[in-house]
Amino acid sequence: MMGGWHGHGDGKGKSDGLPFAGIPPEVREKTNALMAKEPDFSDLELTFEHRAPDDAAFGLMNFLAPYKYRMFGALLLVGITEMLLLMGPYLVKVAIDDAIIPKNFTVLLWVAVIWIASLFIAAVVSGFRQRYVGRLGQLLVYELRIRVFAHLQRLSLDFFTEEKAGRLMSRMTSDIEALSNLLQSGLVNLVAQTLSLIFIIGILLSFNVDLTLILIMISAPIMLVMTVWFKSVSGKAYENVRNRIAEVLSDLQESLSGMRLVISFNRMKHNIIKHRNTVGDYRDANNFTAKISSLYSSGTMFVDVTTTIIILTVGYYILLDVNPTLDPNGAFTVGALVAFTNMVARFFKPISQLVNLYNQFQSGNAAVIKLRNLLNTPPSVEEKPGAVDINDMQGDIKLQNVSFAYNSSEQVLKDVSLHIAAGQSISFVGPTGAGKSTLAKLIARFYDPTSGQILIDNMDVKDISIESLHRQLGVVPQEPFLFHGTIKENIRFPRPEATDEEIVEACQAVGISDMIDRLPLGLDTPCHERGSSLSAGERQLLALARGFLSRPRVLILDEATSNVDQQSESKIERALDTLLEGRTAIIIAHRLATAMRADIIAVINHLGIMEIGTHEELLALEGYYADMYQTWMVQNEGTVLG
């Protein structure tokens with residue numbers, strides 16, 4: 001029995017002299033109450049398909065379409081708030097003309113009461129609106145994050161090979177954050193300021209048509225020219241900002257992932273300089289947007305002040321002309337002029353806010369373009385409609401005239417035909433880059449061949465549902481990946497329902513019982529990100545245990561013994577003799593000691609299969625494999641084979 005596999009202790013805790021690590025009694029009730037409010041996702045059902053959805057291309061309008069009634073409710077609340085806030089200038093006119101000039105204190109008192117009441121109601125409605133819009137915005141961002149993440153899960157292996165992880169992180173973080181700001185504040189403020197501008201123009205017209213026309217004729221053409229200029233310049237500027245932040249995140253991700261290599265080769269200073277230059281480009285892009293925004297904002301402020309002075313001057317002469325006696329009941333009154341002047345500042349405020357919102361819209365629009373490009377990328381390996389499940393795979397594999405190229409100028413395989421009988425093991429050997437791993441990836445349908453056909457149990461793999469195909473394929477890659485979590489969670493990854501006994505059995509099968517015993521918490525020992533706390537050999541052995549636990553009908557070992565020592569390799573090879581019995585196995589190996597254990601060996605070179613046969617048959621050919629074997633024998637002279 002392997003020690004350290006049974007958990008963390010008997011729960012005595014504090015009485016044993018150990019530091020208390022639980023929840024303090026004074027906050028336990030509050031914690032339990034908070035946990036009771038947590039949503040239950042245990043019965044959450046998600047649908048997932050290995051093909052691009054039939055939805056229309058991602059865009060802001062079609063994304064918001066399912067929530068149009070909620071959006072209408074938010075806009076209604078915005079309209080009510082703006083109407084209440086704009087009662088102030090009109091009440092100023094009433095206070096001057098009907099209360100102050102006639103010296104009617106009662107009217108002034110009622111004006112004050114109405115104004116305070118309108119502000120109070122506006123504050124209540126505004127608070128409710130902010131909470132309502134905030135929850136709606138979070139719902140939209142939640143849906144968007146799930147949609148982007150699900151699409152990333154749907155995409156094929158070639159996409160992640162070609163795309164930088166940092167760029168994808170940028171799509172999931174900064175781009176969605178920019179769109180979040182647009183959804184939660186930008187759209188609502190756009191409507192709020194637009195409605196405010198419309199209401200203000202209406203009120204100004206009620207005060208004096210001539211002054212309103214002068215205001216619009218002076219400000220509108222200038223603002224139009226400035227806006228057209230700003231739109232043309234800022235669009236490209238904000239797209240450049242999004243590109244630069246993607247470069248920053250990409251460089252950061254690569255540097256952190258390769259930190260061990262960076263330290264080994266003393267590249268820290270070089271990395272700092274490179275990252276400084278990358279961040280500098282991002283800084284320069286932001287400085288440029290700040291520069292054009294400041295020019296635009298200061299320009300609108302100048303127009304605001306100049307127009308106010310002109311309105312006061314012209315309004316004074318209009319007042320003297322139409323109402324020289326300053327009659328409070330005249331066509332144009334002192335109260336109307338004061339209220340009009342007050343409204344001029346308010347007239348430019350929504351325009352200025354719309355300018356600032358335009359910055360946000362440009363940033364959000366750049367994010368929409370980036371997300372649209374990502375969401376419109378179809379998986380290269382797509383499940384055809386009506387694909388069938390293969391529930392009892394036997395593992396008979398046939399390749400018929402299969403060709404494959406990663407791109408038009410990089411042909412890897414050409415007209416390869418091969419038959420691997422059910423339960424048979426085959427080793428692919430040959431020089432690096434000849435296409436051994438590519439051939440295995442085609443069989444696992446990580447890629448689709450450019451021409452030819454791959455059959456499993458006489459069924460074209462394109463007719464088989466990808467989920468059922470991968471459920472019965474076990475893959476142990478050359479560079480095993482371990483997730484952040486415990487050793488047990490990593491081994492259980494392919495079969496979440498696997499019992500502890502089955503995990504123990506898998507560990508015993510690959511001979512890692514002693515290694516688990518040495519770990520401080522056994523199977524419950526934390527495994528750091530990418531398994532950085534384990535040696536390369538230990539990571540490979542855990543990956544083998546994970547592969548065996550999946551109980552595959554076809555097992556693909558891609559250089560699975562390349563990072564283990566000879567003692568561990570001999571243990572694995574003895575386990576393979578038993579575990580691969582009755583299963584189809586594809587073994588990619590540079591070590592001929594591993595390759596020789598297969599039923600047949602195929603030499604992959606020059607775009608196809610150069611030689612194929614048993615170990616003895618290939619030696620008799622005295623070809624490429626025989627030369628490899630002789631070289632290997634010389635290198636291992638004096639070594640006793642397992």
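Quick note: numbers below take in every heavy atom, side chains included, and nothing from hydrogens, waters or symmetry partners.
Contact detail for R546 and N490: the closest heavy-atom pair is CD-O, 2.9 Å. The two residues L195 and L75 come nearest to each other via the heavy atoms CD1-O, 4.5 Å. Between R171 and A246 the shortest heavy-atom distance is NH2-CB, 3.8 Å. Annotation for L521 and P526: closest pair CD1-CD, 4.3 Å, computed over non-hydrogen atoms. The two residues V381 and F446 come nearest to each other via the heavy atoms CG2-O, 3.5 Å. Here the shortest heavy-atom pairing between V461 and R445 reads O-NH1, 3.9 Å.
Taken to the nearest 0.5 Å, the CG atom of D158 stands 9.5 Å off from the OH atom of Y406. To the nearest 0.5 Å, atoms SG (C507) and CG (L544) are separated by 11.0 Å. Atom CG of L482 and atom CZ of F493 lie 11.0 Å apart (nearest 0.5 Å). Atom CZ of R154 sits about 12.0 Å away from atom CZ of F149, to the nearest 0.5 Å. Rounding to the nearest 0.5 angstrom, the gap separating the CD1 atom in I292 from the CH2 atom in W229 is 6.0 Å. In this structure, the separation between CD on Q130 and CG on L77 is 11.0 Å, given to the nearest 0.5 Å.
Considering only heavy atoms from C-beta on, I176 comes within 4.5 Å of V148 through its side chain. Side chains of S118 and M87 form a contact here, defined as non-hydrogen atoms less than 4.5 Å apart. L119 places a side-chain heavy atom less than 4.5 Å from the side chain of L85. M459 is listed as a side-chain neighbour of V388, based on a closest heavy-atom distance under 4.5 Å. Side-chain contact check for T486 versus C527: every heavy-atom pair is 4.5 Å or farther apart. Within the 4.5 Å cutoff, side-chain heavy atoms of I491 are placed close to those of L523. Contact check for I466 versus E382: no side-chain heavy atoms found under the 4.5 Å cut-off. Using a 4.5 Å heavy-atom cutoff, the side chains of L179 and V368 are in contact.
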Starting from the C-alpha separation in whole Å, work towards a yes-or-no answer on side-chain contact (heavy atoms from CB on, under 4.5 Å) for D448 and I454. CA-CA 9 Å; D448 278 337; I454 299 176; over 6 Å; no
Report the C-alpha separation of H151 and F159 in whole Å, then their side-chain angles, then the decisive distance to 0.1 Å, and conclude whether the ring pair (Phe, Tyr, Trp, His ring centres under 6.0 Å) test is met. CA-CA 12 Å; H151 187 70; F159 175 82; 7.8 Å; no
Verify side-chain contact (heavy atoms from CB on, under 4.5 Å) between L155 and L374, making sure each step is shown before the conclusion. CA-CA 10 Å; L155 292 174; L374 173 62; 4.3 Å; yes
Between R129 and I80, does a side-chain contact (heavy atoms from CB on, under 4.5 Å) hold up when you go through it step by step? CA-CA 10 Å; R129 182 206 71 186; I80 294 173; over 6 Å; no
Give the intermediate values and the outcome of ring pair (Phe, Tyr, Trp, His ring centres under 6.0 Å) for residues F483 and F481. CA-CA 7 Å; F483 295 91; F481 186 94; 4.9 Å; yes
Go through the steps for T81 and V78 under the test side-chain contact (heavy atoms from CB on, under 4.5 Å), then give the verdict. CA-CA 5 Å; T81 304; V78 168; 5.8 Å; no
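For the residue pair S234 and Y296, no side-chain donor N or O sits within less than 3.5 Å of a side-chain acceptor on the partner.
No donor-acceptor distance shorter than 3.5 angstrom exists from the side chain of D251 to the backbone of E247, with no hydrogens or angles considered. Side chain of Y132 to backbone of R70: a donor-acceptor contact under 3.5 angstrom is found. At least one donor-acceptor pair closer than 3.5 Å links the side chain of T278 to the backbone N or O of K274. One N or O on the side chain of D460 and one on the backbone of K462 form a donor-acceptor pair closer than 3.5 Å. No donor-acceptor distance shorter than 3.5 angstrom exists from the side chain of S468 to the backbone of I464, with no hydrogens or angles considered. Judged by distance alone, the side chain of Q472 and the main-chain N or O of M393 form a donor-acceptor pair under 3.5 Å. Under the 3.5 Å distance criterion, the side-chain polar atoms of T525 are matched with a main-chain donor or acceptor of G522. Of the possible polar contacts, one joining the H470 side chain to the A444 backbone as a donor-acceptor pair under 3.5 Å is found. Under a 3.5 Å cut-off, the side chain of S465 and the backbone N or O of A387 do not form any donor-acceptor pair.
No option in R492, R495, K488 other than R495 meets the salt bridge (Lys or Arg N to Asp or Glu O under 4.0 Å) test with E502.
Heavy-atom neighbours of R145 CZ from other residues, nucleotides or ligands within 6.0 Å: above the threshold of 12.
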